[in-house]
Amino acid sequence: MIRFTHVTKEYPRTGTAVDDVTLHVGKGEFVFLTGPSGAGKTSLLKMVYLDERPTSGEVRVSGTSSLTATDRDIAKLRRKLGIVFQDFRLLDNRTAEQNVAFALEVTGVPRAIIDPKVARALTQVGLAGKGTAYPRELSGGEQQRVAIARALVNDPFVIIADEPTGNLDDRATRGIFQLLRDINAAGTAVVMATHNLELIRRQEFRTLEMARGAVVFDSADAAAL
Amino acid sequence: MRSLRDALITFRRTPLLSALSVTTIAFSLFAFGLFGLVALNIREALDRLEDRVEIRAFVADGTAPESIGQAAGDIAHYPEVLNATMVTQEQALARAQKELGDFRDVFEGAVLPASIDVRLKPGMRNPATVKRVAARVKAFPFVDDVRFGEEWIEKLYRLRNIAGIAGVVLGLTFAAVSCIIIGATIRMAVLSRAKEIAIMRLVGATDGYIRRPFIIEGLLQGVLGGLLALLLTYFARSLINRYVIETIFFDRRVALLGILFGVVIGFMGSVFSVGRHLRRV
């Protein structure tokens, strides 16, 4: 589903961000991506949704290869991914509903299909009653739920979450984490970057640890030993 | 539909820049239009004037009328010539008196030279041909002098060319400026919507989809600029008609072509800049 083969990413000014990473994430998996700031987590995730292409090696996501994908292929791929960030990235001048609907509108989904899908996604994240609220009227945790609803509304096969709880307090963090677990339980894979070790320690999920661009620990390998 | 709405939103968000784009497109086309009108009207005047272009060969006193008639017949066979008529001394006098009306007494007892009046075929009435024919006519031994509206015609031709060139040069300059200003408008629009565009990309909107509203915006500015230019030109022409001279206006096809040109400017300005700026978002 997601396969990295000897992937290296170098930036002209800051040097090597990802260093010869080979890994595979299977269908329906839940994977933590951890490591200190600057270890290459964000660069790695960006290559999953092909916002960046590797300098060398190949990234394959659901049949799309970083070596051959056109801009159009990348757009098509992203409709099957759900992407969530630390800073939510909601549009302030749109309500929760409109923010979620936005993801469908701009990919040409007919209006009649949009409304029920949006309602379902908002229900799924526990915001059924807050559809008409603007982001500024919502708490941080609720804003992140809107962002997750937007990620879910296209029925993605994987949610890619880059520090989704980085801006949230403990209670909200637990809520968001639980939500991602529920989503995973329903069959959607989740790749979540975090440096909240507290969160990881209590879980049985696969953990990838990065340092200086390389994957230095993979709990899947450790279990196999 | 959504693209159109988005394009209109940009108009509302940056009204000054949008208005500036429209205005510069309008000025570009207005420059084309004004000088185009001048050229058009000079051409029209030339056509009318050319109808009357005559080469008049004055014949030496005492030439036998048969010789003159013979020469007129020869000249009439030149490929450029429509007809050549002999005008006797008496006819010349009668014509002069008629043309002068109240002052006909001036010619009492005067003697005017006989002449051969040569009219060229339509399409041959340009300065070069007129000169060439005049030279041939002058070669007849009994022809004293040849007159034709040489300077007049050349001046008018030159004026028309200058008007045409000035219109094209000024128009193209303004068109280039319009493109730059449209580029700036698009840049502002792209930057003010950077977050939205980034999210569109994340959720899988295609580049074409993201570009579309900006290009529609450029097209709209082009249409508005074209209409405004047409209005300005028409207004300017009305003023000239009232206070200076009667002139003719572009026909509908040329007017439409002008608006179309505005659309092209708008399109090029937006296409060139939207690609460049989107890449930076």
Side-chain angles (χ1 to χ4, degrees), chain A residues 45-46 48-52 61-62 64 69-85 87-94 98-111 114 117-118 121 135 146-157 159-162, chain B residues 1-18 183 185-220 267-281:
Chain A
L45 292 182
K46 276 186 169 174
V48 175
Y49 54 92
L50 291 178
D51 194 30
E52 300 280 358
V61 184
S62 173
T64 306
T70 62
D71 285 355
R72 206 178 179 78
D73 295 336
I74 294 172
K76 288 264 160 66
L77 169 68
R78 288 187 191 163
R79 294 176 197 184
K80 299 186 286 177
L81 307 176
I83 308 168
V84 179
F85 297 96
D87 58 357
F88 321 138
R89 303 206 185 168
L90 299 175
L91 295 168
D92 304 326
N93 56 352
R94 290 172 203 255
Q98 288 166 345
N99 265 289
V100 177
F102 188 72
L104 298 174
E105 282 167 14
V106 301
T107 49
V109 176
R111 192 81 239 174
I114 292 180
K117 276 194 163 220
V118 169
V146 175
I148 293 173
R150 183 179 64 198
L152 278 176
V153 77
N154 263 324
D155 302 313
F157 64 85
I159 296 272
I160 296 156
D162 192 355
Chain B
M1 227 32 242
R2 192 196 148 76
S3 305
L4 186 66
R5 206 179 59 216
D6 281 358
L8 292 175
I9 286 172
T10 319
F11 256 86
R12 226 176 41 212
R13 276 196 198 154
T14 52
L16 260 175
L17 261 177
S18 299
T185 324
I186 302 279
R187 188 182 130 86
M188 293 295 284
V190 168
L191 290 182
S192 76
R193 298 180 54 195
K195 192 171 172 185
E196 212 173 319
I197 291 168
I199 294 170
M200 283 192 201
R201 287 222 174 103
L202 279 182
V203 298
T206 55
D207 266 6
Y209 181 88
I210 295 172
R211 268 160 209 256
R212 211 175 305 150
F214 298 106
I215 291 172
I216 289 178
E217 187 192 342
L219 287 177
L220 278 178
F267 181 73
M268 303 231 295
S270 54
V271 164
F272 283 138
S273 75
V274 79
R276 234 183 33 225
H277 296 302
L278 275 183
R279 235 169 285 139
R280 289 192 210 148
V281 170

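The sequence lines fix the lettering, A, B, ..., with proteins before strands; numbering per chain opens at 1. These numbers come from a predicted model, not from an experiment.
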What are the two closest non-hydrogen atoms of [X] and [Y], and how far apart are they?
{"X": "B:Y209", "Y": "A:E105", "value": "OH-O, 3.7 Å"}
{"X": "A:T107", "Y": "B:V203", "value": "CG2-O, 3.5 Å"}
{"X": "B:A205", "Y": "A:A75", "value": "O-CB, 3.8 Å"}

Per-residue contact mode, [X] against chain B (heavy atom under 4.5 angstrom):
{"X": "A:N93", "answer": "side chain"}
{"X": "A:R79", "answer": "both"}
{"X": "A:L90", "answer": "backbone"}

Could you tell me which residues satisfy side-chain contact (heavy atoms from CB on, under 4.5 Å) with A:R89, sequence neighbours excluded, listed by chain and number?
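A:F85, A:D87, A:R150, B:I199, B:L202.
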
Quick one: does A:V106's side chain get under 4.5 Å of B:R201's, heavy atoms only?
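Of all side-chain heavy-atom pairs linking B:R201 with A:V106, none is under 4.5 Å.
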
Can any side-chain N or O of A:K76 pair as donor or acceptor with the backbone N or O of B:T206 at less than 3.5 Å?
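Judged by distance alone, no pair lies under 3.5 Å.
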
Would one find more than 12 heavy atoms of other residues, nucleotides or ligands at under 6.0 Å from atom CZ of A:F157?
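Yes, enclosed.
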
CG on A:D92 to CD on B:E196, rounded to 0.5 Å:
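Reported value, rounded in 0.5 Å steps: 11.0 Å.
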
Under the side-chain hydrogen bond (donor to acceptor under 3.5 Å, both in side chains) rule, collect the residues that match up with A:D51, sequence neighbours excluded.
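side-chain hydrogen bond (donor to acceptor under 3.5 Å, both in side chains) list for A:D51, sorted by chain: empty.
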
